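These numbers come from a predicted model, not from an experiment. A note on names: the letters A, B, ... follow the listed sequences, proteins ahead of strands, and every chain is numbered from 1.
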Amino acid sequence: MTTIEEKVSMELHHDVEQCLFYEARLLDDFNFDGWRELLAADLHYWIPARRSRYVREKRAEWAIDNDHYDDDMSSMDLRLKRLSKPMQSSLDPRPREVRSISNIEVSYGGSTQELRVDSVILFMRNRMLDQEEHIAARRQDVWRIMDNGRFELVKRKVLITQNSILMANMNSLL
Amino acid sequence: MIEIDKLVSEDGAYVSREIFGDADIHKLEMEQVFGRSWLFLAHETQLPNSQDYLTTFMGEDPVIVIRQEDGTLKAFLNACTHRGPLLCASEEGNATSFTCPYHGWVFGSSGDLLNVPHEGNSGWHNELKKGEHGLKPIRVESYKGLYFGNFDEQAPSLDDYLGDYKWYVDAIFSPLPTGVEFLGGPMRQRLQCNWKVASENIFADTYHVFAAHGQAARICMEGKEGGIGIEENDDKEGEALGVAVTVNGHSMGLHFDGMGAYVLNKNMAEWMAYLGSQRENYIKHLGPRRGMMPGSSINGGIFPNFMFVPGFTFRQIHPLGPNECEIWMWTVVEKDMPLELKHEQVKANARMLGTSGLFETDDCANMERIDNTVSAYQGSKLISNYSMGLGREQKRDDLPGLTDQRMSDTGFRGYYRRWALFMKADKSSDIPLDAPRSIEGAE
């Protein structure tokens, strides 16, 4: 539960929610230029590997692990260039994608300029004629409130449910 | 009756697509290929401490690999000897014993059955001979920190199995006296295609790089000088053409320019500076020829399913029936590399040939497209063509193995000749090994 100091107004909560829905629509529409405008210059976009270990396991987490994404703005730019120029070997024909965003919780994350936003994403994708794929994830975001009242994405940690990726690739952004 | 000679031509250049989707052939492979090959289990740095363990697969069989108190590694089928449940469901960890969750049989890290519930009058009446119910052991041997398992006691030693390919392996897994390090756990990725389709690409496919990855390569090369060394150019001669090599079914495509591996990386200058600072050490450790391999563009693999593109990905393809496989991908770095570059290498691996890789997505799509046609009846009767450069292979005085220029199907042909030998042979001793040669000019 959020404390009194962290609590945001219903209006702000609504605005953040609309921003997340808008963002999902940009990605569903392959509008990568539009999505890029939502990103902060100091972006950290992270989809860590999920491991299957016994709860009692004493052995520590890996100091460095093979995460699916660990990107700053410069490497995200390379990815967006690639996604924006599909080649017939992989991204053309485009898959059809739908992102459903729910379980949205918004609180002030230590300052009045930054919001901690938790959400759940259900991602559905269908490729070629009949290749149905999906993944679910919990997202932990930090969004910055800009002077013009808009938001920019500073940090996103995406906790996917899959260990072995059951989709043909993890190229779709979550 | 499966007639292997009708599926793979003697020179390995023509292969029936039935081998990429037929269930009977797949079943025979489990016995003939995966039952007798040396299969990668782990690198020593994945299990640094006594009683560290990890779980993996040999073929489709779950296997557990455990570091013993004396420092050696043992491997066992990861199955309780009583009724068969997966004994250990954790992908890695450290444990002194493993208890089957079904009836509570307890096995030690040495594989011995230590304890069973109701051993006395309340159940077994002390008649169970625990000494006969230890975990099923698997033969394990190692080379340069790489541990491999083999289900066949009659198979040749790992050393003989690798043969002259060791000359190349040394440069990949022991570029410096301190060796290499496997970072973290593997990325895992399912793919709807036969395991050989996913394997052959990294074993030997130089040809696909620009057709399949042109877009990704152009984006990564923007504003940079140089190249990977395999760009299309019919005026190239000699060393600039690189080398394709095959030994005992293992293969490699490589250059000796010392720079192709990292040109696609984000901060190319940092990598070039690192390679420059180590070059003298590589040469001191490996000799002048192999000392140029670190940092060069290289792809290759150890038959049948362990492979690498140094600077990018190290991987194993586990089969899952004839039409599916699982790719396991690791990042491997020189132990002496600065921590910052190790972090960068993990990120670059993910971005290039990882699950979300700019290049990997092209490969996966093409492999799926192969599966689309080879599993249909008429398509399965067609022949796949691996004849580029057929007849040009030679034994050079200065390089081990059978070689040709890199842009050739030399490695594929060696791979499928080897596959056919395994599929046909009644026993391991019937599978000939390439005679080791002394290579005077190699250093």
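- Here the CD1-OG distance, from I219(B) to S84(A), works out to 8.0 Å after rounding to the nearest 0.5 Å.
- Other residues, nucleotides and ligands contribute over 12 non-hydrogen atoms within 6.0 Å of the NE2 atom of H208(B).
- To the nearest 0.5 Å, atoms CZ (R218(B)) and NZ (K85(A)) are separated by 8.5 Å.
- The local environment of CD in E132(A) is crowded, with over 12 non-hydrogen atoms from other residues, nucleotides or ligands closer than 6.0 Å.
- Across G354(B), G185(B), A365(B), the residue that shares the most heavy-atom pairs under 4.5 angstrom with chain A is G185(B).
- In this structure, chain A has a heavy atom under 4.5 Å from the side chain of N349(B), while its backbone stays farther away.
- Other residues, nucleotides and ligands contribute only 12 or fewer heavy atoms inside 6.0 Å of the CG atom of D147(A).
- The structure places NZ of K81(A) at 4.0 Å from CD of E222(B), a figure rounded to the nearest 0.5 Å.
- For chain A, the nearby parts of Q215(B) are the backbone and the side chain; heavy atoms of each come within less than 4.5 Å.
- Applying the side-chain contact (heavy atoms from CB on, under 4.5 Å) test between S75(A) and each of K266(B), K347(B), E344(B) identifies K266(B) as the sole match.
- Between atom OH of residue Y69(A) and atom OG1 of residue T355(B) there is a gap of 7.5 Å, rounded to the nearest 0.5 Å.
- Within a 6.0 Å sphere centred on CZ of R36(A), heavy atoms belonging to other residues, nucleotides or ligands number 12 at most.
- Put simply, of R369(B), K342(B), M329(B), the one with the most heavy-atom pairs under 4.5 Å next to chain A is R369(B).
- Looking at D77(A), there are no atoms closer than 4.5 Å to chain B (heavy atoms on both sides), in backbone or side chain.
- Nearest heavy-atom pair, Q46(B) versus W62(A), reported as atom, atom and distance to 0.1 Å: O-CH2, 3.9 Å.
- Looking at D67(A), only its backbone comes within 4.5 Å of chain B, counting heavy atoms on both sides.
- For the set A89(B), A348(B), G357(B), the entry with the most heavy-atom pairs within less than 4.5 Å of chain A is A89(B).
- Counting heavy-atom neighbours within 6.0 Å of Q113(A) CD, excluding the residue itself, gives a total above 12.
- When each of Q189(B), M187(B), E360(B) is checked for heavy-atom pairs under 4.5 Å with chain A, Q189(B) comes out on top.
- F30(A) CZ: more than 12 foreign heavy atoms inside a 6.0 Å radius.
- Side chains of R82(A) and T361(B): no donor on one and acceptor on the other come within 3.5 Å.
- Put simply, the side chain of N66(A) gets close to the backbone of L183(B): a donor and an acceptor are under 3.5 Å apart.
- Under the 3.5 Å distance criterion, the side-chain polar atoms of R351(B) are left unmatched by any main-chain donor or acceptor of L78(A).
- Taken to the nearest 0.5 Å, the CD atom of E91(B) stands 6.0 Å off from the CZ atom of R53(A).
- A 6.0 Å sphere centred on OH of Y102(B) holds no more than 12 heavy atoms belonging to other residues, nucleotides or ligands.
- The interface of residues 164-172 of chain A with chain B, defined by heavy-atom distances below 4.5 Å, comprises S164(A), I165(A), L166(A), M167(A), A168(A), N169(A), M170(A), N171(A).
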